[in-house]
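Only one structure is covered here, and it is reproduced in the block below.
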Amino acid sequence: MLLAAGVAGLVVAMGLMIWRAIAGPSPYDRMLAGNSFGTKTVLLIAVIGYLFGRPAFLDIAIAYALINFVTTIALMKFVRYRTLAQPLCSPHDTEAKDG
Amino acid sequence: MNAIALEASFALNVALLLMLVAIAAAIAWTRSLVAAILLMGVYSLASAVWLVVMDAADVAFTEAVVGAGVSTVVLLGATLLVRPGPVRVDWRRAIAPAVLVVGVGALLVLAVSGLASFGDPSSPANAHVGRSYLVETPNDIGIPNVVTAVLASYRGFDTLGETVVIFAAGIGVALMLGFGPRSSLPQPPVQPGEHHVVLRVTARLLIPLIILFAFYVLFHGDLGAGGGFQAGVILAVAPILHALVFGLHATTAAIPAGFVRGVAALGVLVFAGVGVVCMANGGGFLDYDRLFMPRVEAMIPPGLLGDPTHSHNWGQHFGILLVEVGVLLTVSSTMVTIFYGFAGRATHDVGSAR
Amino acid sequence: MNFVVTHFNYLAVIVLMMTGLYVLFATGNLIKRMIGLALFQTSTALLYISLGKVAGGTAAIKIYPDSPEAQALAAQLDPAYVAQFGVSGVVYSNPLPHVLILTAIVVGVATLAVGLSIAVRIREAYGTIEADEIEAVRAREPGE
Amino acid sequence: MTLFEAIYVTPPALTAQAPILVVAGPLIGASAAALSPGARTAWMVSVLTAAFALWMSVAVVTEVAREGVVDYALGGFAPPLGIALRIDALGATLALLIASVGLLGALYSGHALSSEVYPGKHGLFQAGYLLCLAGFLGLVFTGDAFNAFVFLEVSSIGTYALVAVGEARDRRALPAAFNYLIFGTVGATFYVLGVGFLYGATGTLNLVDMSVRLAALGDNFAVQAGLAFIVAGLGVKAAIFPLHGWLPGAYAGAPSLVSVFLAATATKSAIYLIVRFVFDVFPTGGFGQTFLALIVAPLAAAAAIVCSVQAIFEKEVRRILAFSSVAQVGFIMLGISLATTGGLSAGVFYLVAHALMKGALFMGVGALAISVKARTVEEFYGLGREAPWSAAAFAVGAASLAGVPLTMGFLAKWSLIAGALEAGALWVVATLAVGSLLTLVYVGRLLEAMFFRAPLPGATRAHEAPFGVLVPLLVMAGLSVWFGVDSSLPESLSRASATGLIGSAR
Amino acid sequence: MADAIHWIGGGLVFAGTLLTLLGGVGVVRFPDVYTRIHAASLTDTGGATLVLIGLGILSGFTLETLKLAFVWAFVMLTTPAAANALANAAFSAGHKPRIGAFQIMKGESSEGAGPAQRDGGVAP
C-alpha cells in the first residue's frame, strides 16, 4: 500500500518535471528538469521492482543513473560551450589563462 | 499487497502512456531544438519505465541507454554542426501532412480493432510461438533469461543482422563525417575563473565503474536483464563521458579512431565466425549445439558449474556468450565511431566541404 | 466505449505514432524531422510491446518454480488462471515482441545516426537545413 | 538449366550450406573489406566475395531446380521457433540476378570508383556495398517476416550512405539521400507495423506458418490493414507510383556503381517481398489479390504512363533513366497483378530483363562519364563516336528498354502482352502499348543525342573507358542480347517461379 | 516482526517519495534557476536515500541490498555533480540569481535578459 502510494507520488513528481522541461524558460531549467526526471525514474524503477516482486530490475536503475548523468553533461556542454569535443576547464587551466 | 500490484500496474500503464502523449505533443509543439532533443530524452526515459511495467526489462534497458543516452548525444552533436535557426512553423504547409496523418491513424485504428484486447493471455500473439519459447527454453537452451535465449539462439540470425545494421551505420557515419577530431575545433567561450573541477573528479570516479558495470551487464545477460547490446552501449558511454569532460583529443589519444573501426569489423567477424564454426562441425549456421567438436564436447564433465541436468547445453551457453561478445565489440566501437564522427568534425561553411 | 478500455494501449500508441509522423512531415527542419522519425519508430516499438503483455504476467526471466518469489507472484492471481496460462506455476509475458523490438530499437538508432550525418553534410553543402531553402538552392542549379 | 549443370562444380558439403553462405559470405566479406588496408585490397575482397556469393547462388539455383523448394533452418531450430531460409524458384531467380549484378558491379568498381570516391574511403565504401549485397540476398532468401525487415534495413542503411557519397560529384546527392532515408525508413516502419498486425492476428512470424494460420483465420481487419501497411511500406522501396518520390534523385545523385546496383536490385527485391506476401502468405483469390488488382494495378498503370512522360521531359540522362525505372516498375506490377500464371511469369521475366538493361544503361552512363562529366542530354551529344564501345553497350541496353526484337526487353513485352491477353485484361495491353510508345520517344532522344548529333562546341572530347570498366559493361549488355536470342534460362526460371507461387498457394 | 519491517520500510519509501514530490513542487514554483536546482538536487538525493534505505529494509539482506547500495552510490555521485555543473554553467553564462544577497547588491533582475539566456541561441 505504502509502496503504491510512493509510486503515485513519484509519477506526480515526474509530471511536474515534464511541466518544467516544457515551460523552460532557460535551457538550464529544462536540463535541470530532465536530470531530475531521470533521478525520479531511477527511484520509480527501484520501487516498482519491489512492488511487482522482481527486484532484479535494479540493474536497469543503475544504468538509468549513469546515462542520465552523461546526458546532462552533454546538454550542459552543448548549451554553455557549443562544443562536445573541447575539454572542460580544470582550475589549473583557468589560472593559467588568468595569469 | 497482491491485488494492489496488479492495480498499480494498470494505473501506471495508463498514467505513463498519458505522460508519453503529453511529451510527444510538447515535442511537436516546441520550436526550440534543444527543448525537443531534451524532451526526446525524457520521452525515452518515460517509455523505458513504461516498458518495465510491461515486463519488457531488456527492452527498457536498451531504450534507456540508446534513446536517452546515445541518441541524445548524437542529436546534440549534429545540432552543433548545423547551427540551425529556430524551427519555423508554416501552418499552411501543415495541412496536407495533418490530413495524411489522420488517414494513417484511421487505418491504424481499423487494424487495431481486429486485434485481441490488451493483456489477453490467449490471444494468438501470446498463445502460439511466444508461449513455446517459454516452455522450450529450459530444455533447449538452459538459461533463465528467455529474451536472451530467443535473441541470441532461436533468432540469433536476426541478431546477426542487427549487429550488421549497427556496423553499417558506423560505416555510413564514417563515410559522411570522417573518423575523428580535426585540428581546427572551435574554442569554447570560457569566462575567467570558470572551471569544472567537480565534474572532472566525478568523471574520473565514474568511468571505471561504468566499464565494470558494462561487463557485469554482459556476463549477467543470461541470468537477468541485459546482454551484449546493452553492455556495448554502456561500455561506449565511458569514452563518451571521457571525451565530454577531458576533451576528444585526450580520448582519441587513448583509443584511436582506427582501432575502434577495426574492433567494429572484428565484432561482426566474431559473430559470423561462431556461425561458421558451428557449420564446420556439421551443424547449421549458428547451431550452437555443434559449437564444440564432438571430441571436445565429450571432455566437458557433466555437472560443470553445478548444473547436472543441462550439461548438454554447454554449446548453447558458450555460443550465446561468444555471440554477445561479438555484439558488444561491434556496438560499443560503432557507438564510439559515431560519437567521434559527430563530435570531432569542425563546423564548415558552404563550399569548404571535405 | 468498451473498445476504448480494452484497446486503450493501442489507441494511445496510435496517437504517439501520428504525432511522430506529423512532426516528420510538417516541419522543414531536417533535425526536427529526424526527431519525428525517431518518435514514430519508438511508438511502433510500443505497439509490439503492448501486443506481448499478458495480464498478471511478469518479465520472461525464469523464476525457479518453487522459490518464494514464484509463490508470491502466483499468489497474486487466480490459481485456475495460473494453471491455464502459466509455465510451471508462473505467468510470463510474451518474450518474442521484446526480442523483435530490441532489434528495432537498434535499427532506429542506426537510422538516426546516418540521417543526422547526411543532414550535417547538407548543411555544409547548402548552408541551410530547411527543406524549402534547399529546394530553392537546388532549383537554381543547372540541369534542373 | 543446362548451362549451369555444365559449369556446376560445388562440393556436396558446401551445397548443403549454400543458402546461408550466399548471405553470410558477403557479411563476412564486408567486415574484411572494412578492415583491409588499401583501396586495392578492398576491391579484391569485394570481387572475391561477390564471386563467392554468385557461386553459392548458382549452387542454390541447381538445388531449387532439383527439389522445388529449399529450406534451411538456422541455429538448428525448426521453424516457427527458429528462423528459416526458404528459397523457391522466384527467390533463387532473384538471388542469381542480384549476385550476378553484384559481381559485375564489383568488377566495374575497380576503375569507376577512383574518380568518384576519395581513395581513403574505398575500404568503407566496398564494405557498404557488400552489406547492401548481403541485405538484398538475405531479403530474397529469408522465410521469416521480421528477418526480412532486418535485411531490408541492412541493405537500406548501407544504401543511404552510399547514395550520399555521390556528393563528391554532385552535391544534390545529399538531399536525395536524406529524402531516400526519410521515405525508406517510413516505408520500413510501415512494413514493421504490418508485420506486427499479422503477428498479432496469427502469433507467428514464419511465412509458411503464417499462411497456414491466415487461411484458417478468414477476414479480419488486423490482417487486411496489415497487408495494406506491408504493401505500402514495401511499395516505397519498390517505387510504386505515388511513393516513388525518392527514386529519381537517389539514382541520379549516387555514384555510378551504386546507381547500377540499386537500379538492378533494390526495387526488385522489394517487389519480390510483395509478391511473396500476396501470393504465398495470403490465401489464393483472397484479400491479397483483390488489393493488388484494385489498388496497385491502377497505380502501376498510372506510373507506366505518367513517369514515361516525365522521362521525356527530363534533361538529365540519369534522371531520364530513373523515371523510366519507375515506369517499368509499373509494367512489372501490372503483370504481377494479373495474378495468373502467364501474368506472373511475364512479370518475373520483365523484372529480370529490366534489371539487366537498367544495369547496362547506368553502367554505360558511368563509363561515359569517366572521361567527361556528362550529365545532361546535350552533354551526351556525339559521345557515340568518341567512346564507341561504351556507347554501343549503352545502345544495346536502350534497345532492350525500347523493346527492339532480339533483345530481352522485346521478349519481356511480348510475354506481358500474351499474359494480359490470356487473362482478358485488354486495358493492360493498351497501357503497355502507350507506355512502350512513350518509351520509344525518350530512348530515341538519348540514342539520337549520342549517335546523330555533333558534340557541343567547346565540349571536352571523351575517350573510351578503361578495360576494367568496359568488360563488365559489355557482359551486362551482352546478357540482354544473349537472353533475347536464347531465352530458355530466364524463361524456365520465371515459369517455375509463377507455377511455384500460384501452385503453392493452392 | 514481518509486519513491522513492512511498515518501517514502506514508510521510509513513502517519506522519500513525499520529499521528492515536495522538491517537484519547488521546481515548478521557485522563481529562478538556482533556487530550482536547490529544490531538485537536495530533495532528489534525500528522497533517493530514504527510498533506497526503505527498500533495503523491505528486501532484507540479499544481493539486492548490494545493488541498492550501488544505485544509492551512483545517485549520490551523479546528482550533486550534475547540479553543480548546471549551476556553474548557468552562472558563468550570465544568469543572475533573482533572490538573495546577490540581487540586492547589484540591483538587477535576471529572467529573460542577455543573449546567453535563450536556448543557447537556438530558440526564438
Side-chain angles (χ1 to χ4, degrees), chain B residues 2 5-6 17 20-21 24 28 33 36 40 51 54-59 62-63 66 70-71 74 78-79 81-82 84 87 94 97 101 104-105 108-109 112 117-119 121 125-126 129-130 133-135 144-147 150-151 155 158 162 165-166 169 172-173 176-177 224 338 348 350 353, chain C residues 6-7 9-10 12 14-16 18-19 21-23 25-27 29 31-32 35 38-39 42 49-62 75-76 85 87 92-96 98-99 101-103 105-107 109-110 112-114 116-121 123-125 127 129:
Chain B
N2 300 333
L6 286 181
L17 278 174
L20 287 176
V21 171
L33 266 185
M40 203 59 210
L51 289 168
M54 292 287 110
D55 307 328
D58 287 81
V59 187
T62 315
E63 177 62 34
V66 170
V70 173
S71 296
V74 168
T79 311
L81 289 174
V82 302
V87 178
V101 166
V104 172
L108 281 168
V109 172
V112 156
S117 52
F118 170 71
N126 296 332
V129 177
Y133 286 127
L134 289 165
V135 176
N145 187 347
V146 183
V147 175
V150 179
L151 186 80
R155 296 185 69 88
D158 262 0
E162 164 194 331
V165 167
I166 275 289
V173 173
M176 286 289 99
L177 298 182
I338 291 174
H348 289 282
V350 185
Chain C
T6 55
H7 291 68
N9 270 46
Y10 301 125
I14 288 173
V15 172
L16 291 176
M18 286 165 64
T19 316
L21 267 184
Y22 178 76
V23 174
F25 288 128
T27 40
N29 185 302
I31 296 212
K32 190 86 188 264
I35 292 177
L39 199 56
T42 318
I49 299 294
S50 295
L51 274 176
K53 171 71 182 172
V54 171
T58 187
I61 299 168
K62 286 267 179 178
Q76 295 178 358
F85 299 111
V87 177
Y92 296 102
S93 279
N94 184 354
L96 181 54
H98 303 177
V99 174
I101 286 322
L102 278 174
T103 308
I105 289 177
V106 175
V107 168
V109 70
L112 184 72
V114 174
L116 287 174
S117 63
I118 296 175
V120 167
R121 295 306 303 272
R123 170 65 175 74
E124 289 171 8
I129 54 160

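Letters A, B, ... are given to chains in the order of the sequence lines, protein chains preceding strands, and every chain is numbered from 1. Because the structure is predicted, anything quoted here is derived from the model rather than measured.
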Legend entry - Partner set under salt bridge (Lys or Arg N to Asp or Glu O under 4.0 Å) for C:K32, not counting sequence neighbours: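 Result, salt bridge (Lys or Arg N to Asp or Glu O under 4.0 Å) vs C:K32: none returned.
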Inset, instruction - Find out whether C:T103 and B:R155 are in side-chain contact, i.e. whether some heavy atom of one side chain is under 4.5 Å from a heavy atom of the other. - result: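 They are not in side-chain contact.
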Legend entry - Test item: B:D158 and C:V99 side chains (from C-beta on) under 4.5 Å apart, heavy atoms: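 They are not in side-chain contact.
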Residue selection (most heavy-atom pairs with chain B, distance under 4.5 Å) from [options]:
options	result
C:I101, C:L51, C:T58, C:L21	C:T58
C:V107, C:I14, C:V23	C:I14
C:V109, C:I35, C:V114, C:T42	C:I35
C:L112, C:T27, C:V15	C:L112

Give, as side chain, backbone, both or neither, the part of [X] having an atom under 4.5 angstrom from any heavy atom of chain B.
X	value
C:V106	both
C:A119	backbone
C:V54	both

Legend entry - Side chain, backbone, both or neither of B:V70 within contact of chain C (heavy atoms, under 4.5 Å):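 B:V70 touches chain C through side-chain heavy atoms alone.
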Provide the closest heavy-atom pair for [X] versus [Y] in the form atom of the first, atom of the second, distance.
X	Y	value
B:V165	C:A110	CG1-CB, 3.7 Å
C:M18	B:G105	SD-CA, 3.5 Å
C:N9	B:M54	ND2-SD, 4.0 Å
B:S117	C:H7	CA-CE1, 3.8 Å
B:A24	C:L16	CB-CD2, 3.7 Å
B:A28	C:T19	CB-CG2, 3.9 Å

Could you check which of [options] has the highest count of heavy-atom pairs closer than 4.5 Å to chain C?
options	value
B:V21, B:D55, B:V135	B:D55
B:L17, B:I338, B:T62	B:L17
B:G224, B:A94, B:P144, B:A169	B:P144
B:G130, B:G172, B:P121, B:A78	B:P121
B:D58, B:V101, B:L108, B:V104	B:V101

Rounded distance [0.5 Å steps], [atom1] in [X] versus [atom2] in [Y]:
X	Y	atom1	atom2	answer
B:L33	C:N29	CG	CG	5.0 Å
C:H98	B:L151	NE2	CG	12.5 Å
C:L39	B:M40	CG	CE	5.0 Å
B:N126	C:K53	CG	NZ	10.5 Å

Legend entry - Any residue meeting ring-ring contact (aromatic ring centres under 6.0 Å, His included) with B:F118, in chain and number order, not counting sequence neighbours: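 B:F118 satisfies ring-ring contact (aromatic ring centres under 6.0 Å, His included) with no other residue.
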Inset, instruction - Kindly indicate, with the supporting measurements, whether the criterion side-chain contact (heavy atoms from CB on, under 4.5 Å) is fulfilled by C:L102 and B:V147. - result: CA-CA 10 Å; C:L102 278 174; B:V147 175; 4.1 Å; yes
Inset, instruction - Take B:E63 and C:I105 through the side-chain contact (heavy atoms from CB on, under 4.5 Å) test and state the conclusion after the steps. - result: CA-CA 7 Å; B:E63 177 62 34; C:I105 289 177; 3.5 Å; yes
Legend entry - Backbone N/O of B:A125 and side chain of C:N94: donor-acceptor pair under 3.5 Å: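 It does hold such a pair.
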